[in-house]
Amino acid sequence: MSTSNTFTALQVMQDAPVIPVIVLNDVKHAVPMARALVAGGVRMLEVTLRTPQALACIEAIAREVPEAVVGAGTVRSRADAQAAANAGSRFAVSPGYTSAVGQACRDVGLALLPGVATGGEIMMAQEDGFTELKFFPAMQAGGPAMLKAWSGPFFDVKFCPTGGVSLQNAPEFLSLPNVVCVGGSWLVPADAMAQGDWARITQLALDTKALRK
Ligand code: 3PG
């Protein structure tokens, strides 16, 4: 499947206030879940490579929901990057940063939103040309105060805080000049997915419109 139609990391971040972090255990859920998020105005979808079904879910969304832009999360290796691209991912998100993963994503033509939690990791990612980064795990690693501290030395970096972010605390993150969007799993609760409650997922996506910067 072609991966030529990719987005930059900044475009992925700017599309909506929230990038949903999605864990799929059943391929049958992938398409209706993606359609439910798109109906709520959220089309950049991070499907995490954490379940045996994840790649098949990415394939299904890429094939059947053209309005969505599906990406792979939890990309930790060259093999993950290759598999994500082969499945039709159009961007990648990693929980941490290594140069090997950065290069692998470039080699397969995927924009990467690399995860960082320390100044050293930010510097490594910047050395390799990445200036839009995921701050993970955001709440556990220092929350908004950490991003404020980083805005001095890393004035030229933009962040997508993810991990412990909710509809309630998202505004505090989004009010920071170095935050473009947030990531979170709250848009796709496991029980809503198990029950096929797609209307609830659409409503959770619609609720994020109030967060628009
Ligand atoms: C993750 O990779 O699990 C994400 O950071 C989601 O975190 P959350 O469930 O706290 O939103």
Side-chain angles (χ1 to χ4, degrees), residues 9 12-13 15-26 29-30 33-34 36-37 40 42-55 57-58 61 69-77 80-81 83-84 89 91-98 101-102 105 110-118 121-122 125 130 132-147 150 158-174 176 178-194 197 200-201 203-208 210-211:
V12 171
M13 291 164 86
D15 206 65
V18 185
I19 299 174
V21 177
I22 303 160
V23 180
L24 282 156
N25 291 297
D26 187 336
H29 293 158
M33 181 280 312
L37 288 171
V42 173
R43 65 176 191 139
M44 295 288 169
L45 313 183
E46 177 190 337
V47 174
T48 55
L49 302 184
R50 291 184 202 180
T51 62
Q53 300 81 9
L55 289 167
C57 291
I58 290 171
I61 295 167
V69 178
V70 65
T74 323
V75 170
R76 296 178 298 168
S77 65
D80 286 346
S89 300
F91 65 91
V93 184
S94 61
Y97 183 69
T98 65
V101 160
C105 287
L110 286 179
L112 173 66
L113 189 56
V116 297
T118 67
E121 286 173 299
I122 295 172
F130 295 96
E132 287 87 31
L133 308 176
K134 161 177 160 168
F135 173 31
F136 176 80
M139 281 310 285
Q140 297 85 342
M146 188 72 145
L147 288 158
W150 279 344
K158 299 287 184 204
F159 294 95
C160 168
T162 305
V165 182
S166 64
L167 189 63
Q168 289 67 39
N169 66 12
E172 192 182 353
F173 283 105
L174 288 163
L176 301 173
N178 57 349
V179 171
V180 178
C181 68
V182 299
S185 62
W186 86 85
L187 272 66
V188 189
D191 60 336
M193 193 103 76
D197 191 351
R200 183 168 155 218
I201 290 174
Q203 187 56 52
L204 288 164
L206 286 170
D207 291 345
T208 68
L211 299 173

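Counting starts at 1 for both ligands and their atoms, in listed order. Predicted, not measured: the structure shown is a model, and the values here were computed from it. For this chain, numbers begin at 1 and follow the sequence in order.
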Quick test: of every protein heavy atom, which one is nearest to atom 11 (O) of ligand 1, and how far off is it to 0.1 Å? Ser185 N, 2.9 Å
Give the atom numbers and elements of ligand 1 that come within less than 4.0 Å of a heavy atom of Gly164. 8 (P), 10 (O)
Tell me which part of Trp186 gets within contact of ligand 1: side chain, backbone, both or neither, using heavy atoms under 4.0 Å. neither
Are Leu204 and Pro189 close enough that some pair of their side-chain heavy atoms sits under 4.5 Å apart? yes
4.5 Å side-chain heavy-atom contact, Asp80 and Thr74: no
For atom 2 (O) of ligand 1, tell me which residue out of Glu46, Arg50, Met139 has the closest non-hydrogen atom. Arg50
Going by the order shown, which atoms of ligand 1 are within less than 4.0 Å of some heavy atom of Thr162? 4 (C), 5 (O)
Can you establish whether the number of heavy atoms outside Glu172 located under 6.0 Å from its atom CD is more than 12? no
Check: Asn169 side chain, Gly164 main-chain N or O, donor-acceptor pair, under 3.5 Å: yes
In the protein, which heavy atom is nearest to atom 7 (O) of ligand 1, and how far is it? Gly163 CA, 3.6 Å
Suppose we call two aromatic rings close when their centres sit under 6.0 Å apart. Are Phe173 and Phe135 close by that rule? no
Under a 4.0 angstrom heavy-atom cut-off, which atoms of ligand 1 come close to Gly184? 11 (O)
Note, Leu24 side chain near Met33 side chain (heavy atom, < 4.5 Å): yes
Tell me, which protein residue and heavy-atom name are nearest atom 6 (C) of ligand 1, and how many Å apart are they? Val21 CG1, 4.0 Å
